[in-house]
Amino acid sequence: MRLPPNTEQELLQRARAFAGLRLQDAALRAGVAVPPDLRRNKGWIGELLETLLGASSASLPQPDFPHLGVELKTLPIDARGRPRESTYVCMVPLDGALGETWEQSWVRRKLARVLWVPVQADAAIPLAERRIGSALLWSPDAHEEALLRRDYEDLMEFVHTGTLDRLSARFGEVMQIRPKAPHGRARRRALGTDGARVLANPRGFYLRASFTAAILSAHYCAVREERD
DNA sequence: TGATGATCATTA
DNA sequence: TAATGATCATCA
């Protein structure tokens, strides 16, 4: 664990100093071992970057760099240069969220400032050999924020009307709601119809890979068109 | 092959 | 228990 960076510039400089580094070298600097694979260590890369960049303790509902208001996200990048996976944002407030607007939402605060760190995620490359990419400090532009707001409001409608049973990950253009739980039997208090309390599977907001791909391409012009 | 739904480890 | 870090496993 390092001291947290004092400014955004310092954070960005630190992050970019890791560009090109293999995960095995990054792990060495952090004093941790590279796991054989990610199957039982799904968050390992993210936690490694948190350590190296001096992020605050994980698993708290606050930005990774609270004093900077910056959230750290690693992005798994496939052989074509596109994100392999969606990006978890935060839990969906299944109850007690009545009246919460986009402006007040935790989603908006989390995404207001994000440090994206691309990391190679090509299955053909052994985990230890995969390289860290060049970090990007990002805030949504007006168009991106409009898309996020619309999805947020559309998706939360299911929550507020107690119709979670009709909600699936197919809804939402750039952001979706999917299960986020240790297992399928997990239950949380949720709003039912008529405002009754019911139990439901915990869920989280996720950014679609197509959305994060667009962010990267807009800032790096690094995504090539598919060719025949 | 891509997206959805399910799941794993850790921490406060 | 409930949040964080995410990827896995399966099926259309």
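Note on naming: letters A, B, ... go to the chains in the order of the sequence lines (proteins, then strands), and numbering restarts at 1 for each one.
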Counting just side-chain N and O atoms, does A/Arg188 come under 4.0 Å of either OP1 or OP2 of C/dA2? yes
Are any of A/Gln176's side-chain N or O atoms less than 4.0 Å away from OP1 or OP2 of B/dA3? no
Measure from CG on A/Leu199 to P on C/dT1 and round the result to the nearest Å. 13 Å
Checking side-chain polar atoms at under 3.5 Å, does A/Glu100 have a donor or acceptor matched by the opposite partner on A/Tyr152? yes
Less than 4.5 Å apart, any side-chain heavy atom of A/Val119 and any of A/Leu23? yes
If the cut-off is 4.0 Å, is A/Arg80 near the phosphate of B/dG2, judged by side-chain N/O to OP1 or OP2? yes
Is it true that A/Trp116 and A/Glu71 share a donor-acceptor pair across their side chains at a distance under 3.5 Å? no
Nucleotide by nucleotide, 5' to 3', does protein get under 4.0 Å of the base (B), only the sugar-phosphate (S), or neither (-) in nucleotides 6-12 of chain C, counting heavy atoms? BBBS---
Ignoring hydrogens and angles, tell me if any N or O in the side chain of A/Arg16 forms a donor-acceptor pair with the backbone of A/Ala135 under 3.5 Å. yes
Within the 4.0 Å heavy-atom criterion, would you say A/Arg203 contacts the bases, only the backbone, or no part of the nucleic acid? nothing
The complete set of salt bridge (charged side-chain N to carboxylate O under 4.0 Å, His left out) pairs with one or both residues in residues 177-191 of chain A, sequence neighbours excluded, reads A/Asp95-A/Arg189
Checking A/Arg208 against A/Ser86: is there a side-chain donor and acceptor pair closer than 3.5 Å? no
